[in-house]
Enquirer: 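Can you keep this structure in mind? I'll have questions shortly.
Numbers restart at 1 for each chain; the letters A, B, ... are given by sequence-line order, proteins then strands. All values reported here derive from a predicted model rather than from experimental measurement. Note: hydrogens, waters and symmetry copies are ignored here, and every other heavy atom, side chains too, is used.
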Amino acid sequence: KAGPVLLNQASVPGRRGYLPPVSDLTTPEEELIPSAFRRTAPLNLPELSEMDVTRHFTQLSQRSFGVDQGFYPLGSCTMKYNPKLLEDLASLPGFRDLHPLQDESNVQGALRLIYEAERIFATITGMDAFTLQPAAGAHGELTGLLIMKAALRDRGELEREIILIPDSAHGTNPASAALAGFRVQKIPSSAAGIIEPEDLKPYLSPQVAGLMLTNPNTLGLFEEKILTITQMIHDIGGQVYYDGANLNAIMGWARPGDMGFDLVHLNLHKTFATPHGGGGPGSGPLGVKAHLAPYLPVPRVVSTPAGFKWSYDAPRTIGKVKGFWGHFAVIIKALAYIYSLGFDGLKQASSDAVLAANYLQTLLKEDYNLPYDRHCMHEFVLSGLKENPAGVRTMDLAKSLLDYGIHPPTVYFPLIVAEALMIEPTESVTLDLLDSFVAVMKELAEQAKTTPEKLKEAPYTTPVRRLNEAEAARHPVLKW
Amino acid sequence: KAGPVLLNQASVPGRRGYLPPVSDLTTPEEELIPSAFRRTAPLNLPELSEMDVTRHFTQLSQRSFGVDQGFYPLGSCTMKYNPKLLEDLASLPGFRDLHPLQDESNVQGALRLIYEAERIFATITGMDAFTLQPAAGAHGELTGLLIMKAALRDRGELEREIILIPDSAHGTNPASAALAGFRVQKIPSSAAGIIEPEDLKPYLSPQVAGLMLTNPNTLGLFEEKILTITQMIHDIGGQVYYDGANLNAIMGWARPGDMGFDLVHLNLHKTFATPHGGGGPGSGPLGVKAHLAPYLPVPRVVSTPAGFKWSYDAPRTIGKVKGFWGHFAVIIKALAYIYSLGFDGLKQASSDAVLAANYLQTLLKEDYNLPYDRHCMHEFVLSGLKENPAGVRTMDLAKSLLDYGIHPPTVYFPLIVAEALMIEPTESVTLDLLDSFVAVMKELAEQAKTTPEKLKEAPYTTPVRRLNEAEAARHPVLKW
Amino acid sequence: MGHPYLPLTDQERRQMAKVIGIQDESELFATIPVTIRAKAAFDLSARNEWEVKRLFTRWAAENTPVSQLISFLGAGAYEHAIPSALPFLVNRSEFLTAYTPYQPEFSQGLLQAFFEYQSLVADLTGMDVANASMYDGPTALAEAVLLAHNVSNRKEFIVLSGLNPEAQQVLRTYTAHLPVKMHFMAPQEQEPEVKSQLATLLSDQTAAVVLQYPDFFGRLRLTRDLLSLIKESGALSIVYLNDPICLGLLEPPGTMGADLVVGEAQSFGLPLSFGGPYLGFFAAKKDFLRNMPGRLVGKTTDLDGKEGFVLTLQTREQHIRREKATSNICTNQALCAITATIYLSLLGPTGLKEVALSTVRNSHYLYSQLTRIPAVQGLSLEPFFHEFVIGLPTTDESFIPKMKEKGFLPGYRLPSGQPFSTNAYLLYTSELRTKAEMDRFCEEIERCVQ
Amino acid sequence: MGHPYLPLTDQERRQMAKVIGIQDESELFATIPVTIRAKAAFDLSARNEWEVKRLFTRWAAENTPVSQLISFLGAGAYEHAIPSALPFLVNRSEFLTAYTPYQPEFSQGLLQAFFEYQSLVADLTGMDVANASMYDGPTALAEAVLLAHNVSNRKEFIVLSGLNPEAQQVLRTYTAHLPVKMHFMAPQEQEPEVKSQLATLLSDQTAAVVLQYPDFFGRLRLTRDLLSLIKESGALSIVYLNDPICLGLLEPPGTMGADLVVGEAQSFGLPLSFGGPYLGFFAAKKDFLRNMPGRLVGKTTDLDGKEGFVLTLQTREQHIRREKATSNICTNQALCAITATIYLSLLGPTGLKEVALSTVRNSHYLYSQLTRIPAVQGLSLEPFFHEFVIGLPTTDESFIPKMKEKGFLPGYRLPSGQPFSTNAYLLYTSELRTKAEMDRFCEEIERCVQ
C-alpha cells in the first residue's frame with residue numbers, strides 16, 4: 001500500500017484544520033505593518049481539515065517503529081521502555097504552561113525540581129555539580145570541552161590543545177572536541193578491546209588537554225585499568241571526560257566520579273528512559289568535579305532561605321550554551337524515572353541490562369564472530385557470520401531482521417570491528433523476547449548458508465524496500 | 001505476522017505491571033476477613049510488565065481499524081470524524097474525577113452542563129424535555145417505550161399492546177418494543193421505499209400503542225408523508241416514536257418534534273461525533289413532548305435561585321433506567337461538538353452528508369443496482385452488482401474492500417433489500433476520498449466480471465482471512 | 001464555510017452538485033415538507049476550539065473533584081488510582097474511533113481484547129462464561145433478572161436487603177410491566193439470620209434470588225449455605241457486585257455456586273466521570289449461554305486455518321432476531337471493557353490483591369478510629385469489606401458542605417430508614433487513603449459532632 | 001524484585017545466569033575494581049507510580065502557570081493556543097518511542113514528516129533548504145555563525161543590536177575560543193538609521209552580519225536595502241527569528257535576500273515547558289547545503305522504484321566524519337519538528353495569518369492604551385510587530401509579584417541599559433488576549449503607577 005501523499009499534494013484551497021482564537025479587534029493589517037515589511041507572495045502552507053491531518057499523521061505513525069512496537073536492540077542507544085507515567089508528569093499544567101522568564105516567586109516548584117535533579121544526578125555519577133542546560137549528549141560534550149578550554153585559558157595553558165580519544169569512541173567525541181577548538185589524537189584499543197596504560201603512554205605530552213572515554217566502551221567492555229588511566233592523565237595535568245552514553249551498564253555499581261573522571265555527561269534519553277522521539281529531544285546534563293564547577297553555564301539554581309533563586313554570580317562561567325535552562329520537560333521525566341526505581345531499582349536495571357547482553361552474547365557467538373570473547377557489560381559487538389560462504393554482509397542481516405518485526409542492532413560501528421553488529425538489549429526484555437531474537441538470528445545464520453540471495457535482497461515486508469541512499473546524496477531532493 | 005499471544009499465555013509468574021498505592025497499615029488479612037469469605041484458589045490474572053502490556057495492546061490496536069485509519073462508510077452508524085478537542089474536555093479533572101453522589105454544591109458546573117445539554121438537544125429536535133440517562137440508542141428506545149407503557153397504564157389503556165414498526169426498521173426497534181412488553185406489528189414499505197398512509201391504515205386499531213419510525217428511514221429516504229402518518233397515529237390515540245439513528249441527515253433542516261413525533265432518542269455517538277470506542281460507550285438521550293415529560297426518569301436537573309439541584313419530585317416517573325445520570329463523559333463531548341459547529345455548522349454537516357451520499361449514489365448506480373432510484377438523504381442502499389455473471393455476493397464485495405484499506409458499508413441490511421450494501425459516507429469526506437472509493441467500487445464491479453473467483457476469496461492482506469463464523473457458533477470458545 | 005470538522009470546500013460542493021445534477025444542495029431536502037423546514041432554525045453560534053475549551057474549563061472549575069479532596073465517598077462508584085499506561089493505550093485511535101467489530105478481519109485487535117475481557121471476568125467471578133459488557137451494573141442486574149424470568153416458569157423474585165439502591169430502582173423500572181412479583185426484603189438495622197429469613201420466603205414459585213456481595217452497606221453475607229438453600233428451592237441465584245476489586249480477596253460467587261454473577265466494574269480503571277460511562281459485566285453458568293444478553297466473542301479459524309476471533313452466537317441478538325432477541329442491547333461499553341482488560345493486565349494478581357487488601361485495611365482502621373469517638377455510632381456489626389456505616393448525632397444539613405470546606409468528602413448520607421435511622425453515613429476507603437488522612441478526618445469529625 | 005519497569009523475573013534471571021555460566025549476576029561486574037564498587041551505593045527508595053505522581057503534582061502546584069494568569073510575557077518564548085489534535089497525534093508511540101531513523105524501511109513515517117518539516121521551513125522562510133531541526137534558536141544561530149566562519153576567509157562578525165540576549169550569550173560561548181572578532185553593536189534607545197551605522201562597520205573582513213527580525217524589542221528593521229548592503233560587502237547575512245509566526249504576515253527573509261535564516265520555532269505548537277524542549281530551525285541558500293549542521297532527509301527510490309525517504313548527505317555528520325564533521329550535533333529535536341509540522345498543517349495559511357494578525361492587532365491596541373496613561377512611557381518608536389517596550393515610573397522590585405496577585409504577568413523586565421533606562425518592560429500579546437483583558441490590565445497598571 002502506498003503511503004500518504006505529501007501534505008502539499010493533499011492540500012485543497014479553502015479547507016481549514018483549526019480555527020485559532022482571534023483578536024476581537026479588527027484594525028486593518030495595513031495600518032499595523034508598513035507595506036515594505038508585508039508578505040508579498042501567498043503563504044505556501046497546506047490546507048487540510050482536522051480529519052485530513054489526523055489521518056495523515058496517523059498513517060505516518062503506522063509507518064514508523066518505536067520501542068512500544070517491538071524489540072529495539074540498537075547498540076549504544078539504550079532503547080529501553082519509556083514508562084507512560086513520565087508523559088503524564090511532564091504535561092501537568094503547572095510544568096507545561098510555565099514561561100521560562102516568570103518571576104522566581106512563581107516557579108518555586110520548577111526550580112526545586114531542577115535543584116533536586118542536579119543533586120540526584122551528582123549522586124548517581126559521583127560528581128560535585130551539574131548543569132542541566134545541554135540539549136543532548138553531544139551538546140553535553142561540547143559544554144564539557146568548552147569548560148576544559150576555559151579552565152586552560154584561566155591557567156594560561158592554551159597550548160594544551162590535544163584531546164585523546166580511543167579509536168572505539170562515539171563519533172560525537174572527536175566532533176565535539178574539534179568544535180571546541182581542540183585537536184584530536186586517536187588512541188588505539190588493545191587486542192582485549194580496552195585501553196592499556198602502556199598504549200596510552202606514548203601520547204602523553206604537555207600538549208594534552210585531556211582524554212574522553214566511554215566506560216564501558218563501545219565494545220561493551222569495562223575499561224578495567226580506568227583508575228590507572230585517569231591517574232596518568234591527571235599526572236600530566238589533563239582532565240578526563242566521561243561520555244555517559246553507556247551509563248546504563250553501571251548504575252548503582254560504579255560511578256564515573258569514583259573512577260577519576262572530572263566531567264561526565266548523561267544522556268537522559270538513554271539511561272533514564274525519556275523517549276527518543278524519533279531522534280530527539282534528548283537531554284545531556286553535564287556534571288563536573290568541584291574544581292570545574294565555577295565554569296558551569298549560568299544561571300545556576302541556588303537554595304536560599306527565601307526560596308530557590310537563579311544565580312548568575314559566576315565570574316568564570318563559560319556563559320550559556322543554550323536558551324533558557326535546558327530541556328525541562330525531559331528532566332521531569334528522567335527524575336520521575338529515577339524516583340520510581342530508587343537505588344535498588346537502578347542497580348537492578350543495570351544488572352538486568354548486563355545479564356541480557358551476556359545471555360545474547362553466549363547464544364549468538366555460536367553462529368557469529370565475537371572478536372572480544374569475554375563477559376560484556378550492557379552491549380557487545382559481533383563481527384559478521386562465522387560461516388559465510390556467500391559473503392552475506394551485516395547490512396543484509398540488519399535488513400532481514402526488519403521482516404521479523406525486529407529493529408536491527410547498530411551496524412558498522414564501532415569502526416574498529418569489521419562488519420560490526422552492536423547489540424544492546426537493555427533491561428527492557430523478557431526471556432521469551434531474547435529467545436525469539438536468538439532464534440531469528442540463528443535462522444538468519446542458517447539462511448546465509450542455504451539461501452543467501454534472499455538475505456541480500458531483504459527486506460520484503462516493509463512499506464518500502466532497500467532505498468537508494470547514494471542517489472539521494474548525489475541528487476539531493478530535500479523539499480517538495 | 002501472527003498477532004500477540006493471549007494475555008494469559010504471555011504471563012510470567014512474578015512479573016509486575018503496576019505497583020498500586022498501598023495502605024500504610026499492615027493488619028493481617030485474616031483479622032479482617034473471616035476465612036469463610038476468603039478466596040481459596042489463586043487469582044488467575046496475567047502477570048506482565050508495563051512494557052508487556054503496552055506492546056500487547058499497541059499490537060492489538062494495530063490490528064484494528066477506526067475512523068482515524070480511513071474511510072468508514074458504514075450505513076446506519078454515522079462514522080464521522082471524532083474531533084480531538086472532545087477527548088481533552090472529557091478528561092478535565094473537574095469533570096473526570098467527579099463522584100456522582102457528591103453534594104450538589106460541589107458539582108454545579110456538571111449540573112449546568114447537563115441542564116444545558118438537555119436544553120440544546122430539545123432545541124435541535126423540537127422536543128419539550130430530555131433525559132440523558134439512556135446509555136445507548138437501544139436503551140433510549142426502551143426508556144421511551146416504558147414511558148409509553150406507563151402512560152397507558154395511567155390512562156387505563158393497557159390493552160394497547162401493539163407497536164407498529166416498518167419492515168425497514170433497525171432491529172433494536174422490535175427488540176426494545178418486546179422488552180417493554182409490547183407486541184410488534186410489522187408495516188410494509190411501499191415500492192417507493194417509504195410508508196404510505198394507505199398501507200398503514202389497515203393496521204390502525206384500538207390495540208395500537210404507537211408507531212416507531214426512523215426518518216429518514218434505513219433506505220436513506222425521507223418519509224415524505226410524515227405529517228399525515230403522525231396525525232393518523234395521534235388520531236387513534238397512539239404515540240409516535242422517532243428513532244434518532246439517522247438524525248445526521250436533517251440537523252438544522254427539520255426537527256422530529258415538528259413532524260409530530262412524541263418521543264425521540266438521539267445517538268450521541270452517531271450524530272454528535274463522540275467516538276464509538278469499538279462498540280461503545282454510546283449515549284442515547286431521550287426527548288419527549290410535554291405530555292410525556294412527567295414520566296421521564298428521575299432525577300431531573302432543575303434550575304433554582306439557589307443553583308442547580310437534582311429533583312426526584314416526579315410522581316409519575318418510570319423510575320431509573322440506569323445507575324446515576326447517564327454517560328456524562330459522552331454528553332460533554334456531544335455538547336462540545338454542537339457548540340463547535342453552531343447552528344450553521346450542524347446544518348452544513350447534514351447538508352454535506354446528504355450531498356456526499358447523493359454523489360456516491362449517482363456514480364455507483366452505474367454499476368450497482370439501486371432499488372430506490374431517487375435522491376437519497378444521508379445514506380442509500382444498493383442491491384448488489386448490475387452485471388454479475390458469476391454470482392458475486394455482497395459479502396464478497398465487502399471483504400474485497402478490506403484489501404483497499406476501506407471499511408465496508410453495512411451489508412445485508414435493511415432486510416427488505418436483497419444483497420444490500422448500505423452506504424453512508426457522512427460529512428467527514430473529501431472529494432478525493434469519495435472519488436477513490438468510487439474508483440475502487442468500479443474496479444470491483446469490473447473484477448466481478450473478469451476475475452470473480454478473486455473476490456470470492458477476499459480479503460488477502462488482512463491479519464486473518466475470512467473467518468469461520470459457523471464453527472464459532474457451533475462450538476463456542478468464549479474464554480481462554 | 002471552512003470548518004475543521006467539515007472537510008468539503010465550497011468548490012468541492014459545487015462540483016459534487018453538478019455531478020448529481022442539482023443546482024443547489026437544498027434540492028436534496030425537497031422531500032421535507034416546507035412547513036417543517038421553516039421551524040428548524042435555532043440560534044447557536046459556532047465557537048472556535050479555544051472558546052469551547054475556555055467555556056468547558058470554566059464549567060469544570062465550578063466543580064470540586066474528588067482528586068482535590070480526601071474522599072470517603074463510595075456507594076457504588078469508587079475512586080482508585082488509574083495507571084498512566086491505561087489512558088495512553090486505550091485512547092489509541094484504532095480503539096477509540098472504531099465501530100463494533102462487524103468486519104472481523106479488520107478488527108482482530110478489538111475482538112481479541114474482548115475475548116480477553118470475557119476470560120478475565122469469567123475467571124474472576126468463577127463462572128463459565130461472560131459477555132463482552134453491559135451498560136452498567138444496575139442494567140446488568142436487570143437483564144439478569146429478565147434472563148431468569150425467560151428461562152423459568154416461575155413468577156416470583158426475591159431481592160435480599162442491602163442491594164445498591166440504584167440497582168433496586170433500575171430493577172423496578174425494568175420489571176414494572178412484567179407479570180412477576182418482586183419481593184424486596186425490607187432492610188433492618190439489626191438483621192436476623194439472613195438464611196432463616198430467606199428460607200421462609202423461598203417457594204416453588206421463586207424464579208430467582210438477588211443478593212449483593214459485599215452488600216451495599218459493605219457487609220459480607222454471601223455464603224455457600226445460602227446459595228445451596230436457593231438451589232434446593234429450584235430458584236436461580238443472581239449475585240450482584242458493586243465493586244469487583246473485592247474479588248482480589250474474596251471467594252468468587254461462581255465458586256460458591258452462583259448461577260449468574262453481574263455487577264459494576266467501574267473500579268477497573270474507569271474514572272468516576274460523574275457517573276458514567278461505567279462498565280456492566282455479566283457472567284453465567286454455561287447453561288445460560290444462549291439466553292445471555294449482549295455480545296459474545298468467540299475463537300475460530302480463518303480460511304487458511306489461522307486462529308482468529310469473531311462476534312458469535314449473534315442469533316441471540318436484535319439485529320438478527322429482532323423482537324425475539326434475548327435483549328435489545330446493541331451498542332455496549334466496548335472501550336470500557338478494554339479499559340478493564342488493560343487495568344487487570346497491569347495490576348495482575350498481586351496488584352489486585354494489594355488494592356483490595358489496602359481498602360479493607362483502611363476501612364477497618366477508620367471504622368475502629370471513628371467508633372472510638374463517643375458521639376459516633378458504629379452501625380456495621382457483621383463482617384464488612386471496604387465500606388461501613390456510622391451514625392452521627394448531627395442532623396445539620398450543612399454537615400457535608402462544612403466537611404468539604406475542610407477538604408473532606410465524608411461519605412454517602414443514607415436516606416433515613418434504609419435501614420438505619422437518620423444521619424447514618426456509608427463510608428468507603430480507597431487504597432489512596434493514608435493513615436494520616438484518616439486520623440485528620442477523625443479529628444475533624446470529633447470537632448464537628450461535639 | 002518485581003518492578004513494572006524491569007520485566008525480568010528472578011526465575012528468568014537464574015535461568016539466564018545458568019546459560020551464561022555464572023552463579024550470580026555480580027560476576028558480570030567483576031571487571032569493575034572493588035574499591036570503586038564500594039562507593040556506588042546511595043540512598044534512594046523506590047516510589048510507586050502514585051507516590052511519584054503525588055510528589056510531582058505537589059511541585060507543579062508550587063508554580064503558577066501562564067494558563068492561570070493573563071500573561072504579556074514573551075521575550076523569546078511565546079504562549080499560543082495549541083490545537084487538541086496536536087498532542088493526540090504527536091504522542092502516538094510510534095513517533096514518541098522511536099530512535100533516529102537509521103533504518104529507513106522501518107521509519108518512512110518519521111522520515112516523511114521530517115521531509116515535510118524541511119519543506120515547510122524552507123517555504124516559510126523563503127529559503128532553498130532547511131535541516132531537520134536544531135536544539136533551539138540560540139544554538140541554531142551559533143551554528144549559523146560557525147558555518148559562516150567555516151566557509152569564509154574572513155574573521156569579523158557584526159551582530160546588530162536587538163538580538164535576543166539568550167542568543168547573544170550562546171553566541172559568545174560558542175565563539176569564545178575561535179580566532180574571530182565578534183562585534184556586538186551597542187543597543188541604544190533611540191537608534192540612528194541602522195543602515196548607515198552598519199555601513200560604517202562593514203569591511204572586507206566582515207564574514208557575516210547577524211540581524212534579528214523582528215528584533216528582540218519587537219521592532220521591524222530588516223529591509224532589502226540592508227541585506228543588499230551586506231551582500232555588497234561580501235559578507236553573509238544571517239537572519240534570526242524569535243517567533244516565526246510573524247511569517248504569516250511578514251515578507252520572508254529569504255525573499256529579501258538573506259543567506260541563512262535561523263531561529264526558534266517554539267511558537268509552532270510547543271508548550272512553554274519552562275524553557276524546553278523547543279525547536280531550532282536552520283534554513284539556507286542551497287550554496288551552503290554541504291556545510292549545514294544537522295540531519296537532512298532526502299527523497300529517493302527503493303529497489304522496486306518506489307518513492308521513499310532517507311537520511312542523506314550524512315558525510316557531513318559526526319558519525320561518519322568524526323572530527324571533520326560540519327557540527328557535532330547528533331540527537332536533535334525530531335519530535336518537536338513533527339509537532340511544528342502538525343501545527344502548521346492544522347493552521348494552514350489562513351490560520352497562521354490569523355494568529356499573526358491577532359497578535360499584532362492586540363499589541364498595537366495595548367500599546368496605544370498603555371501609552372495613554374500619563375505615567376507610562378512608550379518606548380517603541382519604530383514599526384513593531386507583536387512585542388513592544390514601555391517605561392514605568394515604578395522602581396519597586398515587587399511590581400511583578402504584585403501584578404501576579406492581580407492575575408497578570410506584566411511582561412519581561414529589561415535589564416537596565418539594554419538599551420532602555422531602568423524599568424523598561426517588554427510586552428507580548430498573544431492571540432489569546434482579549435480586548436477586555438487588555439483593558440483590565442491597563443486599569444491595573446494605571447492604579448499601580450499612581
Enquirer: So, B:His56 versus C:Glu116: side-chain donor-acceptor pair below 3.5 Å or not?
Expert: yes

Enquirer: Does B:Lys479 come within less than 4.0 Å of C:Asp123, counting only side-chain N to carboxylate O?
Expert: yes

Enquirer: Heavy-atom distances under 4.5 Å only: say whether C:Asn332 touches chain B with side chain, backbone, both or neither.
Expert: both

Enquirer: What part of B:Ile332 is in contact with chain C, defined as an atom under 4.5 angstrom from a non-hydrogen atom: side chain, backbone, both or neither?
Expert: both

Enquirer: In this structure, is the centre-to-centre distance between the rings of B:His139 and C:Tyr135 below 6.0 Å?
Expert: yes

Enquirer: Going by an N to O cut-off under 4.0 Å, is there a salt bridge joining B:Asp103 and C:Lys404?
Expert: no

Enquirer: Quick test of your reading of the model: are C:Glu251 and B:Arg38 salt-bridged, counting only N-O distances below 4.0 Å?
Expert: no

Enquirer: Tell me, side chain or backbone of C:Ala61 under 4.5 Å from chain B's heavy atoms, or both, or neither?
Expert: neither

Enquirer: C:Asn362 versus chain B, heavy atoms under 4.5 Å apart: side chain, backbone, both or neither?
Expert: both

Enquirer: Among C:Thr35, C:Leu110, C:Ile320, which residue forms the greatest number of heavy-atom pairs with chain B at distances under 4.5 Å?
Expert: C:Leu110

Enquirer: What part of C:Ile400 gets closer than 4.5 Å to chain B, counting heavy atoms only: side chain, backbone, both or neither?
Expert: side chain

Enquirer: Measure from the side-chain N and O atoms of B:Asp97 to the backbone N and O of C:Pro65, and report whether any donor-acceptor pair falls under 3.5 Å.
Expert: no

